[in-house]
Amino acid sequence: MNIVRLFKKRRHTIMVWLLVLIMIAFLGGTALQQVLSARGPSNKVVATFDDGTEIRAKDRVSAANELEVLRAVGGGRLLQQTGLNGLIIANLLFPDGGTSSMLETQLKYAAMQGNLTVSEKVVDEFFNAEEIDPISAWMMLNKEAYKYGASVSSSNALELMKRYMGENAATMIKRASRKLQTPQEDIVEVFAKMLSVVNYVDMSVRNSNVTAKDLQAAAGFKNEKFSAQYVHFPASKYTDQTPEPSQEQMKELFEKYKNFTDQSFSSDNPYGFGYKIEDTVKLDYLVVQSDDVKAVVDKPTESEKEEYYSDNKSKYTREQPKNPEDENSEKVEVTQPYSKVIRQVENDIINMRKDALMKDIFNDLTDIIEAGYEDRNLDNLSGDQLKELSGSYKDAAEKVSKKYGIKIYSGRTGWLNKERLTSDRNLGRLSLSKERRLPVNIVKLTFSVKGLEAENLSEFDRKTPKVYENIGPLENMWPQNKALIRVVDFKKSYVPEDIEVAFEITGSLINETDAQKEFYTVREEVSEDYKTLAAMDTAEQKANAFLESAGDKSWGEFLKEFNEKNNAGLTIKKLSDKSRISQLQLYETKVKSGLRAAGRRAYVSLLKDHNLYEAMYKIADGDLPAKVKVPSKETVYAVQSVDITPAQPLEDKMSEADRIKSVYSGESALVFLNPENIAARTGFEFTEDQEQQAPEAQDEG
């Protein structure tokens, strides 16, 4: 029986149990007896775990009562003080829509800042998972904590309660005891069970992604440095000397790398070649530039500016020392005089009017495009129906442009993958903004379209869009513009049949510099890669020749002679005080980069540096000068010297290890505590007859 399906179907039955909980809290044991008498025997089996353990009606009531005890002593707030794992557990046991949204935003922000290593996909999967009612979640986590011996004693629990609550601990316990008619020692015992769950989760996720070797490497790399001097021979210098490859040569290279996507670096693909076509979308767009709207709004009169300043003085304050003669004295907020902020006031009014006009423009655009929907519910329309009923972006742009005297740019892109869309100068930085939430970028919005779903939207972002459904208005800070977009088609990643596959990849065409169509051909990609391989052979030959000619000579003096003789223009390059890049750093960057539209480039750049640095380290103890070939950099290096500054012992190894563990345990915690994964681990299932009783409970409601 599918646990997620059962939870979803039994949502009303869960509410019945919550009502039972409320009755217990207000009426005590008599109410419990009456409810059990009306609903059936208290020892009736209502659910099971996969080890055969039976859960009876009275067990669930007992679990509900324990959660009420935890609420009474502020268990949710206390959980939030125990760290990230406690925050996530609190979200499961004491759910609240606003708190969940805030937690999701905080997790993503922490990841973007590098304070937590967790991918946006894992965060979204956690918050999009089918909900488990708090009673079931509490029972499952307690089951696991007991099984793995993660218990916390009542005496330790009481000490922790005093630490978290201070002098209020005893008062709160007494108050809860009177309210719930529960002995104080039982309240402490329930609190101990909650801490046992926290202890169990900490034990389970703390080291799941980080090995002792990883910790040692990360700590060592932190203060180990190296420097190097070299002359480099990039393949790009020699590609124009390489003849066009034959059809047979291109076919052979295509077959070797057709199942890789571009920049998929590995031991099997050191150059990162790849011809597998990534997920792509085709978009319609309507773009309105901020400067165009500002140009048509009325500039404020002098009286309007004075009135606006008078009504909004709080906007025009600044901090200054309370004692003007002492810069270090207490700071106070002072309203700036009108004469000093008159330009800012004028800009604020113009921006306010610009925003209002922008809103009217996009309302009109949306009304025209969606006029064919009439009174139909958008949620009930399929992508094909939306395509049939939706209006033309081009026609809407022409009508609204004429009405307001403002240029509205419209068009349709070619097939854009995530990288191309991110790189589009007009669309790539667009995002959907909501108050108190991180903006959702255009890549995530468009690639989450139903049917493709290459990205996940959190339940707090917006509903997953359909083909031909309007998305926006989206905003872009630079250049300042707003846009309405829709996905008109998409293709999932596929392996091309042969090198003749080609398609349009034109982005938005707004400015004159944009006005050209672009096409991608597999043939051209394969040809360029073949030339790179041939050029790398040439670069290697050049490096060998250079090293052979230099011999034991001083490179500074030798280079002058070598350059004149070979017309080479070579110079000595340096890497100074570079730190090695650990696998943990690569992993962290990869995860962190996934939260940014342009993140992939940052990760690939770091990976290439990692490959170069490791190559330098390998030859540090060998005979130098020496040649180093780095395929991911598409360069051959003639290395004169490598000097390593050994790592100094960390003053506090335990502190550094704890810091690294905490940074890397976030993703594990979200996976481990994903409601669907908890249910799968424990094998929790409601009994068949309980499922059949759900309609009866609904009728009684």
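Here the structure is a predicted model, which means the values were calculated and not measured. Only heavy atoms go into these numbers, but all of them, side chains included; no hydrogens, no water, no symmetry mates.
- Leu141 approaches Tyr200 most closely through the heavy-atom pair O-CD2, 4.5 Å.
- Side-chain contact between Leu283 and Leu421 is present, with heavy atoms from C-beta onward closer than 4.5 Å.
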Fill in: CA sep, side-chain torsions, deciding dist, call: Val69, Asp186, side chain to side chain contact (heavy atoms under 4.5 Å, CB included)
CA-CA 9 Å; Val69 166; Asp186 289 355; over 6 Å; no

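- Looking at Leu457 and Pro465, their side chains come closer than 4.5 Å, going by heavy atoms from C-beta outward.
- Among all heavy-atom pairs drawn from Arg60 and Ser136, the shortest one is NH1-OG, 3.0 Å.
- Within the 4.5 Å cutoff, no side-chain heavy atoms of Gln385 are placed close to those of Tyr468.
- Looking at Met194 and Trp138, their side chains come closer than 4.5 Å, going by heavy atoms from C-beta outward.
- Here the CG-CG distance, from Asn476 to Leu430, works out to 5.0 Å after rounding to the nearest 0.5 Å.
- Lys450 places no side-chain N or O within 3.5 Å of a backbone atom of Gly383 that could act as its donor or acceptor partner.
- With values rounded to the nearest 0.5 angstrom, Asp50 atom CG is found 8.0 Å from Lys143 atom NZ.
- Interatomic distance, CD1 of Ile471 versus CD1 of Ile485, reported as 4.5 Å (0.5 Å rounding).
- Not a single donor-acceptor pair under 3.5 Å links the side chain of Asn674 to the backbone N or O of Val671.
- Under the rule for a side chain to side chain donor-acceptor pair (under 3.5 Å), the partners of Thr261 that lie at least two apart in sequence or sit in another chain are Ser264.
- Using a cut-off of 4.0 Å between Lys/Arg side-chain N and Asp/Glu carboxylate O, Glu68 and Arg71 are scored as salt-bridged.
- Contact between Ile442 and Gly428 at its shortest, heavy atoms only, is CG2-O, 3.8 Å.
- Taking every heavy atom of both residues into account, Glu469 and Thr464 meet most closely at OE1-O, 4.3 Å.
- Expressed to the nearest 0.5 Å, how far CD of Glu370 lies from CG of Asn470 amounts to 4.5 Å.
- Judged purely by distance below 3.5 Å, without hydrogens or angles, the side chains of Asp51 and Thr53 pair a donor atom with an acceptor atom.
- Within a 6.0 Å radius of CZ in Arg462, other residues, nucleotides and ligands contribute more than 12 heavy atoms.
- For the pair Ile132/Leu92, no side-chain contact is recorded, criterion being any heavy-atom separation below 4.5 Å from C-beta on.
- Using a distance-only test at 3.5 Å, with no hydrogens or angles considered, a donor-acceptor pair links the side chain of Arg681 to the main chain of Phe672.
- Residues satisfying the salt bridge (Lys or Arg N to Asp or Glu O under 4.0 Å) criterion with Glu278, sequence neighbours excluded, are Arg600.
- Looking at every heavy atom in both residues, Lys482 comes nearest to Pro473 through CD-CB, 4.5 Å.
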Discussion item. Let's go through Phe49 and Ile55 carefully: what are the C-alpha distance in whole Å and the side-chain angles of both, what is the deciding distance for side chain to side chain contact (heavy atoms under 4.5 Å, CB included) to 0.1 Å, and is it a yes or a no?
Written reply: CA-CA 8 Å; Phe49 287 113; Ile55 302 167; 3.6 Å; yes

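- Atom CD1 of Ile135 is separated from atom CG of Asp59 by 12.0 Å, given to the nearest 0.5 angstrom.
- Of the inter-residue distances, the one linking Glu475 atom CD with Asp355 atom CG reads 7.5 Å to the nearest 0.5 angstrom.
- Ring to ring, Phe686 and Phe684 are close: their centroids are under 6.0 angstrom apart.
- When the shell of 6.0 Å around NZ of Lys331 is examined, it contains more than 12 heavy atoms from other residues, nucleotides or ligands.
- Residues Asn363 and Lys359 have side chains in contact (heavy-atom distance under 4.5 Å, counting atoms from C-beta outward).
- For the pair Ser62 (side chain) and Lys58 (backbone), a donor-acceptor distance under 3.5 Å is absent.
- Of the possible donor and acceptor atoms, none in the side chain of Asn441 sits under 3.5 Å from a partner among the backbone N and O of Ser431.
- With Lys492 contributing its side chain and Gly451 its backbone, the two residues share a donor-acceptor pair below 3.5 Å.
- Here the closest non-hydrogen pair linking Val281 and Leu452 is CG1-CD2, 3.7 Å.
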Discussion item. Does Lys463 form a salt bridge (Lys or Arg N to Asp or Glu O under 4.0 Å) with Asp379? I'd like the steps, not just the answer.
Written reply: CA-CA 10 Å; Lys463 289 183 179 179; Asp379 292 339; 2.8 Å; yes

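- Taking 4.5 Å as the limit, every side-chain heavy atom of Leu386 sits out of range of all side-chain heavy atoms of Val467.
- Panel note: side chain Glu144, backbone Asn142; no donor-acceptor pair is recorded below 3.5 Å.
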